[in-house]
Protein chains: 2
Amino acid sequence: MSDTPKRPKNQLKSHIRAQNQELILCTAERIFARQGLAKTTTQMIADEAGLPKANIHYYYRSKKDLLEAVLERILQLWLDSVSQFNVELGPCHNLTRYISEKLDQSRFNANASKVFAMALIGEEPFVLDYLRRYFVQELQNEKTTINTWVEQGLMKPVSVEHLFINIWAMTQTYADFDAQVKILLQKETLEEEDFAQAKQFVTRMVLLSCGIEEART
Amino acid sequence: MSDTPKRPKNQLKSHIRAQNQELILCTAERIFARQGLAKTTTQMIADEAGLPKANIHYYYRSKKDLLEAVLERILQLWLDSVSQFNVELGPCHNLTRYISEKLDQSRFNANASKVFAMALIGEEPFVLDYLRRYFVQELQNEKTTINTWVEQGLMKPVSVEHLFINIWAMTQTYADFDAQVKILLQKETLEEEDFAQAKQFVTRMVLLSCGIEEART
DNA sequence: ACAAAACTTGAATATTTGGTCAGAATACAC
DNA sequence: GTGTATTCTGACCAAATATTCAAGTTTTGT
């Protein structure tokens, strides 16, 4: 585990180390998303990062270490990037913003989203542990908030678990399965416009199912 | 392409051949789902099928051939197993049944569903070609039917593409990402009851978004 | 300026894995 | 029962790939 050379505790990673690790992680994420987790070779990552292969192994002892580093980065991003619910602003505003942010996140981190999806389907223990540790709590918070709104009569009672399972399914499908989406929409690439429509569509479904009047924006 | 030994044209595959191919395909599907497409080795398949590795290669020239055979099987299943829309029965009945069938299909063919998902994320050309050839037409049919219903005032106008993209996303998420679902629902295994709730939840969302009154069943 | 720590890298090694093959075993048609 | 077609299988091979290493180079602290 101590692949980090020892150094004074208060000192951060060296400039070079931080920079190279960042380069390697970004490159690896991109290639993992393109090629799948197992099909990706360290050589590909090395080539695309412009480093010799041995240098990759200097920073990440093994391919497994590297994959876990990539996954950790992604999971952190997932947890951090979407803002918490704000009870006072009510369900309509919060859900609309949540869906919008989730869709943007998937869109702008499509590689990360795909790697996450593949790891999840493959039931990578690392990812499952992470979900157990952090996401369950996250969902609890949201559950509490939503129950407050229900008690205040701001929305109908719904199964919060199923609500979020489906919000995640819908918001990630446009990134994870973009190949399918492109074929069905008969487009070469997905444009701003397509994501705007998706946003509107998903938001409408969710708000209606919660018995919330749609806000005109 | 002629990995089939020559035989009289009117004769079907030998009993042995059919049986072994079935065994290999089922085993391969299961392992592909568990391990991912690239991480799966022919040795694993051989071991789990109880055959020597060379025997796998007797029936499937290469690993690619085997994967394609597995995928073809899955895609055929996907196309066949869900009944077509019946215009006369109206949107409520049809959509309810469609969602129910899709969810059952994912549930009872979870391995197939996962392999399909992985191939799609990995943008396997074989799968994309198949989608282009058959699914686009499929969607066209459904689009026509739905437009008829809209004209008859039986439902609100919706983007059929986005509607189906999201129905597929929701109905498959319970099979593809069952590990995640289990963690969030805090269950060891997903029961009949969970799928019933999912069915109800998704159906409600879809019907409401189409402006259809929910049928009491 | 010096030494120690950190970094780089070409080459070598060990392992995994898809694929081949030739001959043995079995099923099948007559 | 005999001969042919089919199936089975252990042993082997070649290519791909992760990982190691040791000798260099650069950076950093003092």
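Letters go in sequence order (proteins before strands), and every chain restarts at 1.
- If you measure from atom CD1 of B:Ile56 to atom P of D:dG10, you get 13 Å, rounded to the nearest angstrom.
- Below 30°, between 30° and 60°, or above 60°: for B:Phe135 and B:Trp168 the angle between ring planes is above 60°, a perpendicular geometry.
- Rounded to 10 degrees, the angle between the two end axes of the helix from C:dA1-D:dT30 to C:dC30-D:dG1 is 30°, with five pairs used at each end.
- Between A:Glu123 and B:Lys182, none of the side-chain N atoms (NZ, or NE/NH1/NH2) sits under 4.0 Å from a carboxylate O, so this pair counts as no salt bridge.
- Mapping B:Asn55 and A:Ser62 onto DNA chain D via the closest heavy atom, the residue that lands nearer the 5' end is B:Asn55.
- Taking a cutoff of 4.0 Å between a charged side-chain nitrogen and a carboxylate oxygen, A:Arg107 and A:Asp104 do not qualify as a salt bridge.
- Rounded to whole Å, the distance from CD1 on A:Ile16 to P on D:dT25 is 16 Å.
- Annotation: A:Trp149 is in aromatic contact with A:Phe85 [ring centroid separation under 6.0 Å].
- Contacts of residues 22-51 of chain B with DNA chain D (heavy atom under 4.0 Å): none.
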**OP:** Begin with the C-alpha distance, continue with both residues' side-chain angles, and end with the deciding distance and a verdict on side chain to side chain donor-acceptor pair (under 3.5 Å) for B:Gln76 and B:Tyr134.
**Re:** CA-CA 10 Å; B:Gln76 204 56 49; B:Tyr134 300 105; over 6 Å; no
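- A donor and an acceptor atom, one from each side chain of A:Glu138 and A:Gln84, are located under 3.5 Å apart.
- For the pair B:Asn20 and D:dC8, the criterion of a side-chain N or O lying under 4.0 Å from OP1 or OP2 is met.
- Here A:Glu22 pairs with A:Arg73 in a salt bridge; the nearest charged N to carboxylate O distance falls below 4.0 Å.
- Contact of A:Lys53 with D:dT19 (side chain to base): a donor-acceptor pair of N or O atoms is detected under 3.5 Å.
- For D:dT6, the OP1/OP2 oxygens have no side-chain nitrogen or oxygen of B:Arg17 closer than 4.0 Å.
- When rounded to the nearest whole Å, the span between NE2 of B:His57 and C1' of C:dG19 equals 5 Å.
- C:dT20 atom P lies 15 Å from atom OH of B:Tyr58, rounded to whole Å.
- Aromatic ring pairs are classed by plane angle as parallel below 30°, tilted from 30° to 60° and perpendicular above 60°; the pair A:Phe116 and A:Trp78 is tilted.
- Rounded to a whole Å, the NZ atom of A:Lys63 is 15 Å from the P atom of D:dA16.
- The interatomic distance linking B:Gln19 (CD) with C:dT26 (C1') rounds to 14 Å, in whole Å.
- Salt-bridge check for A:Lys143 with A:Glu161: passed, with a basic side-chain N closer than 4.0 Å to an acidic carboxylate O.
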